[in-house]
Amino acid sequence: MSSELVTKYFREDRLPHIWCPGCGHGIATRAVMEAIDRLGWDKNNTCIVSGIGCSSRAPGYLDFNTLHTTHGRALAFATGIKLAKPHLHVIVLTGDGDTSAIGGNHLIHAARRNIDITTVVFNNNTYGMTGGQYSPTTPFHDKGTTAPYGNIDQPFDICNLAQAAGATYVARSTVFHPKQLSQMVEKALQKKGFSLVEAISSCPTYYGRKNKKGTAVDMMNFLKYRAVSQSKFDALSPEEQAEHVVTGEFMNRTAPEYTESYQKIIDLVQGREESK
Amino acid sequence: METETKLMQGNEACVAGALHAGMRFFAGYPITPSTEIAELSALHLPKFGGKFIQMEDELASMAAAIGASIAGEKTMTATSGPGFSLKQENLGYAAMAEIPCVIVNVQRCGPSTGLPTSPAQGDVMQARWGTHGDHPMIVLTPSSVSETFSLTVQAFNLAEQYMTPVILLMDEVVGHMREKVNIKELSQLPQINRRRFEGQADDYYAYRPDQSLTPALMPFGEGYRYHITGLYHDETGFPTNSTDNARAQLKRLHQKLELGDNLAMYEEVEMEKEVDLMILSYGSTYRSARKAARKARKEGKSVGEFRVISLWPSPELAIREAAKKAKAVLVVEMNEGQYVQEVERIVKSKSEIHFLGNGAGELINPEEVYEKILEVLTCQANS
Ligand SMILES: Cc1ncc(C[n+]2csc(CCOP(=O)(O)OP(=O)(O)O)c2C)c(N)n1
Ligand code: SF4
């Protein structure tokens with residue numbers, strides 16, 4: 001299955017990729033390709049857009065219309081593509097820093113507009129590409145190169161943020177659960193509206209080392225331990241909750257989609273012009 | 001029946017020109033004195049099947065405009081000083097990734113939020129050097145409402161022809177002034193569309209340039225799958241760290257504009273002979289300079305006029321040749337001295353250069369220019 005996927009969707013001449021051994025980003029990328037494969041989407045009508053970061057290098061390896069933009073701005077570029085040509089499928093692959101720090105404003109507004117773009121956030125709780133600084137999702141007290149004494153920022157819950165801003169599909173899984181992750185991405189891709197899937201990923205090279213999380217395998221096992229359902233999470237004490245993260249589907253609703261609403265304006269205005 | 005002439009505001013003429021050039025996408029964020037451009041785009045674009053979007057800020061507007069251009073539309077965004085500063089990173093992206101797009105900056109008085117709605121021409125150097133790196137830039141500056149229409153069309157045409165962002169650098173006076181324009185004549189202006197690759201998708205290299213050194217980027221969604229990045233890349237579009245490749249790419253970015261014979265835009269009046277003084281100006285300031293020069297000439301003084309239309313790339317050859325015919329050059333601009341530095345660089349002290357400027361949000365009126373002319377000429381007579 002995996003080698004077939006590689007032949008079908010990866011630009012083999014672009015491999016090997018730049019990701020470190022044990023990095024979770026490859027698994028997340030594969031989960032997205034599996035979802036596209038199950039949907040049988042035409043590669044010519046699919047655009048994959050990213051910002052800057054290790055995660056954002058993913059589109060370069062994928063055989064679609066791919067766009068590697070500036071740090072944090074992927075959703076704004078993607079909005080232009082989608083609104084200009086609504087028949088194109090537009091997917092954004094991004095990191096936690098890319099999308100929730102420098103790109104936080106674009107995230108909430110893309111969700112608010114409910115434009116039909118699927119965002120997959122590879123959340124490794126750190127800035128991998130620049131060497132392990134703390135990010136808006138670094139857990140309280142965890143370390144980063146710019147938080148040598150422990151992080152005192154309160155972390156964002158990206159799924160909560162997207163939901164509150166108006167996204168129509170929001171879900172979270174981890175790279176330890178690639179099947180669930182891929183199924184969530186598939187649902188997100190099918191959703192008419194703004195959808196976001198958070199893929200908890202791992203960066204053994206920086207986040208893992210800084211926070212003494214052990215080997216890449218240890219980190220994967222930690223993801224397994226960390227992920228719990230909402231009901232299990234609710235039963236935990238606040239101290240225990242800090243160790244865990246809820247996975248599952250948080251939002252699945254329908255709402256007017258932006259490019260469709262705009263098309264209605266065009267139809268209305270052009271109809272009026274004709275009847276003049 | 002199409003009426004011949006229309007009373008139009010500069011910002012309105014910009015939108016009319018853009019629509020004539022084929023604009024089908026506008027992304028912006030409101031800021032005075034450019035806001036009418038967004039408002040009129042929102043009103044008119046849907047009539048043409050085009051799209052308008054008010055983004056969350058100027059960074060996003062620039063990004064969305066680039067995205068829509070990648071999807072094949074002719075796109076524009078408009079702003080004023082503070083917003084122009086925010087657009088810079090993605091403006092550089094458009095230059096690097098060779099994405100056509102028109103960026104309008106209706107200048108107002110700065111620095112920072114400055115004097116909102118007061119006129120200035122303080123973004124001349126920002127237009128040229130605002131973003132990081134060494135790429136060239138095309139910057140056009142209109143002096144009248146009618147010319148705002150025609151230069152907007154030209155901005156779109158150059159963007160498509162050279163696959164590059166083009167800045168239309170207006171000022172508040174031109175943006176808000178109302179003048180008669182000859183619509184019939186302006187609607188004869190030609191439209192240029194970006195080159196298309198005609199071969200098989202397998203033979204396609206997005207960043208393989210033709211003789212004009214310009215690549216033919218095919219819109220996303222038309223069967224040519226490739227990669228676009230702001231990193232240095234080879235002709236496939238994929239990043240490479242090779243400094244040899246970077247050198248060649250940067251050189252090509254410069255050379256493709258150096259090949260442009262319609263890039264040097266300027267206008268000369270009374271410069272066919274030697275003059276005692278040549279006034280060089282641009283944008284709305286030229287209108288005051290022109291009035292002062294005419295008054296001086298009527299009094300028998302030898303004064304020529306040089307109006308720069310393409311600020312960047314500068315009409316170097318023309319400025320140098322014209323300056324040779326002038327005993328002195330007077331640069332007048334609504335700032336504390338920006339383009340005068342470019343003129344000094346070009347003329348290389350072969351001519352005496354004088355400067356009259358004001359960056360504090362006030363128009364330079366014809367009387368001030370006239371007095372400066374007298375001052376320079378008296379100096380000359382006494383030396
Ligand atoms: C404007 C700007 N600021 C900073 C950077 C440097 N930078 C590159 S990637 C990155 C963080 C990436 O982190 P994340 O999005 O979490 O992705 P990861 O590398 O962890 O996958 C930063 C700060 C940049 N490229 N551009
Ligand atoms: S630095 Fe971290 S996030 Fe980046 S490739 Fe290596 S493991 Fe992955």
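Predicted model only: the values in this text are computed from it and were never measured.
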With a 4.5 angstrom heavy-atom cut-off, is it the side chain or the backbone of A60(B) that approaches chain A, or both, or neither? both
Does the ring centre of F220(B) sit less than 6.0 Å away from the ring centre of Y226(B)? yes
For the backbone of E235(B) and the side chain of R208(B), can you confirm whether one donor and one acceptor N or O come within less than 3.5 Å of each other? no
Contact leader toward chain A among A27(B), G92(B), G49(B), where contacts are heavy-atom pairs under 4.5 Å: G49(B)
Quick check: F52(B) with F26(B) (ring centres under 6.0 Å apart)? yes
Is a donor on one side and an acceptor on the other found under 3.5 Å between the side chain of Q200(B) and the backbone of D203(B)? no
Pick from P219(B), A64(B), G50(B) with the largest number of heavy-atom pairs that fall under 4.5 Å of chain A: A64(B)
Best-contacting candidate, K82(A), R113(A), H71(A), H89(A), against chain B by heavy atom pairs under 4.5 angstrom: R113(A)
Name the region of I70(B), side chain, backbone, both or neither, that has any atom closer than 4.5 Å to a heavy atom of chain A. side chain
Before giving the answer on salt bridge (charged side-chain N to carboxylate O under 4.0 Å, His left out), spell out for E186(A) and R38(A) the whole-Å C-alpha distance, their side-chain angles and the decisive distance to 0.1 Å. CA-CA 8 Å; E186(A) 186 181 343; R38(A) 283 195 298 276; 2.5 Å; yes
Out of N105(A), L88(A), N45(A), return the one with the most heavy atom pairs under 4.5 angstrom to chain B. N105(A)
Note, M55(B) side chain near Y29(B) side chain (heavy atom, < 4.5 Å): no
Check: K51(B) side chain, P46(B) main-chain N or O, donor-acceptor pair, under 3.5 Å: no
Taking N90(B), T75(B), L45(B), D57(B) one by one, which has the highest count of heavy-atom pairs under 4.5 Å against chain A? N90(B)
Options T79(A), I265(A), V269(A), L83(A), ranked by heavy-atom pairs under 4.5 Å with chain B, top entry: L83(A)
Under 4.5 Å from a heavy atom of chain B, the part of R112(A) involved: neither
